[in-house]
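See below for the structure under consideration.
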Amino acid sequence: MRVVIVGAGNVATVLGRLIKKAGHEVLQVVSRNAGNAELLATELGCTFSDNSGLIDKTANLYLIAVTDDAMGQLDERYHLGNKLVVHTAGSVSKEILKNITHNYGVLYPLQSLRKQNMNLQQDIPLLVDANTDEALTLLQDFAYTISANVSKANDEQRLTLHVAAVLVSNFTNHLYAMAADYCSKEGADFKLLLPLIEETALRLRNHVPGEMRTGPAVRKDIKTLQKHLALLAPYQSLHNIYLKMTESIMNP
Ligand SMILES: NC(=O)c1ccc[n+]([C@@H]2O[C@H](COP(=O)([O-])OP(=O)(O)OC[C@H]3O[C@@H](n4cnc5c(N)ncnc54)[C@H](OP(=O)(O)O)[C@@H]3O)[C@@H](O)[C@H]2O)c1
C-alpha cells in the first residue's frame, strides 16, 4: 500500500515504523509542526509538509493520527474523494471522516504507544472498522500485514474498550506514580515493588481479575486498614483514593 500519515506524534510514529517494516511505502507525513513532520519523514524516508493543502493525493491509504479534538477540525483541504481514510482514536466515531471521503474507517491500536522505548516485538491489538464491506476488507488485509492480532469493533464496542483501557492502563499508572511519589517522600525504594506489579499483571493471563483480589480490604483486616489510613493522613489525595478503593473492594 502507498500510505500518507497525518500527524507526527506517538501513534503516527509507532504505526509508521510498523507500516514501513511491513514493506509498505510511506509517501508523506503531513503535520502541523514542520519540525515534527520532518523528523518522522526522515525516519520513514519520505517527504513531509506542514500544509494540509499540499497533501499527496496519490496514496491508497490515509492514516490520520492527530489528537481527538484536532480530528474535528479536518477541513476541505483534506477532501480525498474515494481514498480510504482512517483515524486511530478509541472514542471518536468513524463518521467524523464522512465529509472528506466516501471510504472511511478506523485503525485503533489497543495499546499504549510511545515513540520512545516502545517494544515492537509483540503484536499490537488492532481494532478495525469501516463504512463499507469493501473498505473493511481492504483495511483488515492491511492491518494483518502489521499485526497478527486484528479484530473488528464498531464505534460503540471501541468506545467501551477505550474506557476499559483507561481503567487498566492510565489509572493503574497514575496509582504507580502516586505510590512512587509516596515512597520517595517516605524514603522507601519503589523499585522493590516492581516484581509485585509484574506478578499481579501476569496472573491475569490465567485467572479472572475478580478472583485475584488480595490485601487487607478483602480480608477485612480493619486494624491494618486504620493504620494505613493514619499513615496516609498527610497525603490527602492518596488518602481519599485508598479509602474509595477500600470501599469499592469491600462492596464490589
Ligand atoms: N498514544 C497512544 O497510546 C494511543 C493509543 C491508541 C490511540 N490513540 C489515539 O491516536 C491519536 C493520536 O494520539 P497520539 O498519542 O499520537 O498523540 P500525540 O503524540 O500527542 O500526537 C498528536 C498529533 O496531533 C497533532 N495535533 C495536535 N493538535 C493539533 C491541531 N489542533 N491540528 C492539527 N494537528 C494537531 C500533533 O501535531 P504537532 O506535532 O504539531 O504537535 C501531533 O502530530 C489520538 O486520537 C489518540 O486518542 C493514542
Side-chain angles (χ1 to χ4, degrees), residues 3-20 26 28-44 46-55 61-80 85-97 99-100 104-120 122-130 139 142-143 146-147 149-174 176-177:
V3 183
V4 165
I5 297 175
V6 178
N10 289 300
V11 172
T13 302
V14 174
L15 290 185
R17 285 173 187 152
L18 289 172
I19 288 167
K20 184 145 193 225
V26 181
Q28 185 189 35
V29 173
V30 179
S31 199
R32 181 181 62 171
N33 177 307
N36 293 341
E38 183 176 14
L39 207 62
L40 180 56
T42 304
E43 181 178 343
L44 300 177
C46 66
T47 62
F48 72 94
S49 178
D50 60 354
N51 180 349
S52 48
L54 298 178
I55 193 164
L61 176 68
Y62 292 78
L63 184 78
I64 315 262
V66 296
T67 55
D68 296 3
D69 287 351
M71 226 158 344
Q73 299 156 19
L74 295 175
D75 58 21
E76 69 282 352
R77 283 171 298 177
Y78 281 102
H79 270 210
L80 291 161
V85 183
V86 299
H87 73 63
T88 60
S91 294
V92 179
S93 168
K94 63 180 178 301
E95 300 302 327
I96 200 159
L97 301 172
N99 292 330
I100 63 175
Y104 53 89
V106 180
L107 180 72
Y108 171 59
L110 185 55
Q111 178 58 280
S112 174
L113 304 183
R114 291 175 65 87
K115 289 181 202 184
Q116 299 90 359
N117 315 322
M118 188 77 209
N119 169 17
L120 292 182
Q122 282 188 340
D123 282 318
I124 294 173
L126 296 175
L127 305 185
V128 295
D129 190 17
L139 183 58
F142 174 78
I146 57 174
S147 170
N149 191 348
V150 178
S151 312
K152 180 169 177 337
N154 63 25
D155 282 343
E156 292 74 29
Q157 293 163 329
R158 205 172 60 253
L159 182 60
T160 302
L161 279 164
H162 191 202
V163 170
V166 168
L167 293 174
V168 302
S169 175
N170 305 144
F171 285 8
T172 48
N173 191 67
H174 182 61
Y176 299 153

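Each ligand, and each atom within it, is numbered from 1 in the order the structure gives.
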Has Gly90 got any heavy atom lying under 4.0 angstrom from an atom of ligand 1? no
Taking [atom] as the reference point, the nearest protein heavy atom with its distance:
{"atom": "atom 38 (P) of ligand 1", "result": "Arg32 NH2, 3.6 Å"}
{"atom": "atom 11 (C) of ligand 1", "result": "Val66 O, 3.2 Å"}
{"atom": "atom 39 (O) of ligand 1", "result": "Asn36 ND2, 2.7 Å"}
{"atom": "atom 45 (O) of ligand 1", "result": "Asp68 OD1, 2.5 Å"}
{"atom": "atom 17 (O) of ligand 1", "result": "Asn10 N, 4.6 Å"}
{"atom": "atom 20 (O) of ligand 1", "result": "Thr67 CG2, 4.3 Å"}
{"atom": "atom 21 (O) of ligand 1", "result": "Gly9 CA, 3.4 Å"}
{"atom": "atom 5 (C) of ligand 1", "result": "Gln111 O, 3.2 Å"}

Could you tell me which atoms of ligand 1, counted from 1 in the order shown, lie closer than 4.0 angstrom to a heavy atom of [X]?
{"X": "Pro109", "value": "5 (C), 6 (C)"}
{"X": "Ala8", "value": "43 (O)"}
{"X": "Ala89", "value": "45 (O)"}
{"X": "Ser112", "value": "3 (O)"}
{"X": "Gln73", "value": "31 (N)"}

Report yes or no: does [X] contribute a side-chain atom to a donor-acceptor pair with the main-chain N or O of [Y] at less than 3.5 Å?
{"X": "Arg32", "Y": "Val66", "result": "no"}
{"X": "Gln157", "Y": "Asn154", "result": "yes"}
{"X": "Glu43", "Y": "Gly16", "result": "no"}
{"X": "Ser169", "Y": "Val166", "result": "no"}

When only distance counts, is [X] in polar contact with ligand 1, meaning an N/O pair under 3.5 Å?
{"X": "Leu113", "value": "yes"}
{"X": "Tyr108", "value": "no"}
{"X": "Asn33", "value": "yes"}
{"X": "Gly7", "value": "no"}

For the residue pair Ser93 and Asp155, confirm or rule out a side-chain donor-acceptor distance under 3.5 Å. yes
May I ask you to identify, for Ser31, whether its side chain, its backbone, both or neither come under 4.0 Å of ligand 1 on a heavy-atom basis? side chain
Pick one of side chain, backbone, both or neither for how Val11 approaches ligand 1, counting any non-hydrogen atom pair under 4.0 Å. both
For Gln116, give me all partners under side chain to side chain donor-acceptor pair (under 3.5 Å), at least two apart in sequence or on another chain. none
Thinking salt bridges, do Lys152 and Asp129 make one under a 4.0 Å N-O criterion? yes
